[in-house]
There are 2 protein chains.
Amino acid sequence: MSEQVKRRIENGNKIPRRRVTSYDVAELAGVSQSAVSRVFQTGASASKDMRDRVFSAANKLGYRPNAIARGLITQRSNMVAVIISRQTNLYYPEVLVQITQRFSEHGIRVLLFALEHERDVNSTLDQVLQYRVDGVVTAVTLSHEQLKTLEHAEIPVIFYNRTHPEWLINSVRCDQEEGERWLVGQLVGAGHKRFAIISGPEDSQVSTDRTRGALQRLGELDIEDILIVTGDYSYASGRAAFAEIIHNMEPHPEAVIAANDMMAIGCIDEARETFQLRVPDEISVVGFDGVGPARFAAYDLSTVRQPVGRMSEAAVSMLIERIENPDLSPEKRVFSGERIRGGSARFTDSKI
Amino acid sequence: MSEQVKRRIENGNKIPRRRVTSYDVAELAGVSQSAVSRVFQTGASASKDMRDRVFSAANKLGYRPNAIARGLITQRSNMVAVIISRQTNLYYPEVLVQITQRFSEHGIRVLLFALEHERDVNSTLDQVLQYRVDGVVTAVTLSHEQLKTLEHAEIPVIFYNRTHPEWLINSVRCDQEEGERWLVGQLVGAGHKRFAIISGPEDSQVSTDRTRGALQRLGELDIEDILIVTGDYSYASGRAAFAEIIHNMEPHPEAVIAANDMMAIGCIDEARETFQLRVPDEISVVGFDGVGPARFAAYDLSTVRQPVGRMSEAAVSMLIERIENPDLSPEKRVFSGERIRGGSARFTDSKI
DNA sequence: CTCCGCGTTGCATGAGGATGCAATATTGCC
DNA sequence: GGCAATATTGCATCCTCATGCAACGCGGAG
């Protein structure tokens with residue numbers, strides 16, 4: 001009687017029934033456990049006869065290799081962590097699904113971590129490390145110390161829409177500043193002189209980048225007295241921010257630059273509904289992201305669309321490369337956004 | 001010299017450096033490995049002195065228990081699979097984030113599976129089983145056979161917005177039919193007589209439920225000749241569907257029932273922009289979901305809002321209960337949606 | 001002072017599968 | 001047919017942590 005069977009009998013029914021293991025399959029097929037293991041690997045040596053016998057036994061038992069045990073011995077969990085934060089914009093879900101699907105095509109699973117705020121990173125990172133993921137994609141900013149921890153554990157990291165000018169890190173991002181500069185250039189070119197900006201949450205690097213880009217270009221074009229109010233990327237905060245702007249800026253601004261589309265939409269609704277302003281005739285509004293609602297006919301936003309497909313593709317392939325070859329040097333990939341001349345702002349006639 | 005150290009030296013630098021294990025910590029702290037193990041467990045017996053020494057050594061080495069190895073031995077991976085499909089509606093991302101956060105509060109991680117279509121389930125399920133997750137939340141319909149497979153592996157499953165009248169399963173859902181019946185009742189009560197329906201993808205159970213609910217109520221109220229066109233839950237498909245409706249229904253319908261908000265919005269835009277129809281004066285449009293854009297002032301949808309917070313909370317707690325007590329009997333929880341009397345449809349004056 | 005009981009600690013083993021090496025089976029080639 | 005080369009297969013061991021059991025230490029009761 002095999003050890004397995006003996007144990008099962010001793011346990012009786014009180015302990016949850018033992019799952020089917022490669023030993024069970026081996027026993028039924030009359031081969032060794034290593035043979036079973038090899039049949040379930042790609043590229044391992046096994047005769048056709050062996051395969052048939054093992055697969056047949058495995059099917060009969062409903063056997064599936066245990067990815068946990070495999071991960072333990074191969075030192076590859078075939079899981080990556082994806083870290084997002086709630087604050088990071090309603091547009092991320094689309095990114096998340098795309099990234100997950102692409103990883104899946106490479107036999108890699110996604111362990112999802114969703115923070116309430118970008119601050120709760122430390123405990124999350126601890127979990128990430130405990131699960132021995134093969135890599136990390138983060139849409140949340142990490143401190144230098146946190147980065148060092150991951151580096152020490154030899155876990156490659158890709159920063160999504162976050163970067164740092166000095167650190168040696170891998171990042172994929174949309175060129176927020178370039179996009180904002182284009183928007184500002186268009187607005188100023190069309191004659192707008194008085195500006196307000198609705199920024200995102202203060203701990204969001206995306207918002208910081210966008211606001212900086214806009215302010216820099218405005219400065220270069222000698223536009224001054226810019227009112228900046230803070231939102232939280234939501235529709236409601238966009239509406240509230242616009243009301244705040246109207247109350248605090250006299251005369252009213254001619255253009256509003258929102259840090260994302262959702263707030264731009266809120267802003268437009270507040271302008272139209274509460275203040276009876278016509279968009280874009282009386283006030284221009286621009287956003288950023290190019291996410292679904294931007295295309296709604298009622299808004300038709302002038303915005304910059306992030307190339308989500310290419311960015312997620314880049315993030316996935318960069319991470320996989322670094323999992324397979326940890327010595328690869330760091331790389332920062334920056335994608336220009338797609339410039340969308342919508343109907344929510346008066347722009348120049350320039351084709352550029 | 002310990003086995004560990006010997007091995008490390010033999011390997012030289014060619015193999016990735018071995019990670020820190022409980023043996024390393026034990027050696028540095030001058031205690032046994034089991035002691036280290038116990039210190040990192042809650043409720044295990046360990047003296048204060050022991051704790052201090054172990055934690056100190058662990059910190060020095062940057063040790064973190066390996067959740068994979070732990071899962072192997074405890075037969076609990078502390079991971080659950082969440083299965084979504086791309087087709088399932090832009091509104092799911094919100095659900096996904098909420099579910100993830102709630103599980104996280106209970107020390108459970110989410111392994112995400114995103115299907116391209118609801119059909120690609122089998123290979124996904126295979127992965128789910130390989131990773132020995134403790135449970136599954138699926139927003140994708142499973143066949144009876146697939147369900148049996150999970151049952152055989154003793155993995156509890158919660159169906160999210162899917163159910164089956166006969167099977168013994170756990171499910172959490174919004175009462176789609178009730179919601180649609182209310183919408184129809186309101187529309188008919190306000191005098192609408194000619195209806196069109198924009199359904200979702202054919203393999204979406206949510207869409208099937210909603211369409212059935214609407215049709216049943218319409219039938220009860222003696223409304224006939226209803227045109228049904230199929231969309232894919234997207235904005236674009238909503239627009240296309242409305243155009244199709246206008247071309248194929250003469251005289252035009254007085255009300256359009258869309259299977260979700262996104263299509264309802266597309267429908268409104270197409271009605272206004274392409275056909276110069278006033279909403280709701282010339283045509284009423286209703287949706288379902290109550291997701292973000294439904295509240296945009298430009299649309300102000302009449303719709304039914306899914307109580308996402310309570311539903312995700314229910315899904316999480318139901319699953320955790322069944323992980324901890326597998327013998328718990330199946331339960332189906334049905335939540336009524338929140339009835340929203342927006343401005344996109346003419347409704348009755350009734351408060352109900 | 002001896003014995004009992006309880007809290008700690010270490011030892012040995014197991015969870016399920018991968019893999020180097022040696023043994024064995026096949027195949028190819030002259 | 002004989003022998004080297006190649007392909008299969010099995011054995012033993014490892015990955016990392018949890019846990020039953022036995023041993024040990026210490027304080028209090030008798």
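Worth knowing before you read on, the calculation uses all heavy atoms, side chains too, and leaves out hydrogens, waters and symmetry mates. Per chain, numbering begins at 1; letters A, B, ... match sequence-line order.
Distances shown here put every side-chain N or O of B:S37 at or beyond 4.0 Å from the OP1 or OP2 atom of D:dC17. Contact annotation: A:S22 side-chain N/O to C:dG17 OP1/OP2 distance is under 4.0 Å. Between B:Q41 and D:dC17, a side-chain N or O to OP1/OP2 separation shorter than 4.0 Å is absent. Taking 4.0 angstrom as the limit, B:Q75 places a side-chain polar atom (N or O) nearer than this to OP1 or OP2 of C:dG16. Contact check, A:Y23 against D:dG10: no side-chain N or O comes under 4.0 Å of OP1 or OP2. Applying the 4.0 Å criterion to OP1 and OP2 of C:dG16, one finds that A:T21 has every side-chain N and O outside that range.
The residues A:E154 and B:R19 are annotated as not salt-bridged, no charged nitrogen and carboxylate oxygen being separated by less than 4.0 angstrom. Ion pairing between B:K148 and B:E151 holds under the 4.0 Å rule for side-chain N and carboxylate O.
Atom-to-atom distance recorded for A:Q33:CD and A:E27:CD is 12.5 Å, nearest 0.5 angstrom. A distance of 9.5 Å separates OG1 in A:T21 from CG in A:N66, rounded to the nearest 0.5 Å. Note that CD of A:E105 is 9.0 Å distant from CD of B:E116, once rounded to the nearest 0.5 Å. The CZ atom of B:R76 sits 6.0 Å away from atom CD1 of B:I108, with the distance rounded to the nearest 0.5 Å.
Atom CZ in A:R132 sits about 11 Å away from atom C1' in D:dC17, given to the nearest Å. Atom pair B:R70:CZ and D:dC17:C1' shows a separation of 8 Å (rounding to whole Å applied). Note: CZ (A:F40) to C1' (C:dT19) measures 18 Å, nearest angstrom. Across the protein-nucleic acid pair, A:R38 atom CZ and C:dT19 atom P stand 9 Å apart, rounded to whole Å. Counting to the nearest Å, the P atom of C:dA15 and the CG atom of A:N66 are 12 Å from each other. Summarising the geometry, the separation between CD on A:Q33 and P on D:dC14 is reported as 15 Å, rounded to the nearest angstrom. Taking atom CZ on A:R76 and atom C1' on D:dT16, their separation rounds to 19 Å, with Å as the unit. One can place CD1 of A:I73 at 14 Å from P of D:dC17, the figure rounded to the nearest angstrom.
At a non-hydrogen distance threshold of 4.0 Å, A:S47, A:M50 from residues 47-59 of chain A come into contact with DNA chain D.
Among the atoms of the strands shown, none is found under 4.0 Å from any heavy atom of B:V36. Within the 4.0 angstrom heavy-atom criterion, only backbone atoms of the sugar-phosphate kind lie near A:T74; the bases stay farther away.
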The test is ring-ring contact (aromatic ring centres under 6.0 Å, His included); show your working for A:Y63 and A:F55 and say whether it passes. CA-CA 9 Å; A:Y63 168 76; A:F55 277 135; 9.9 Å; no
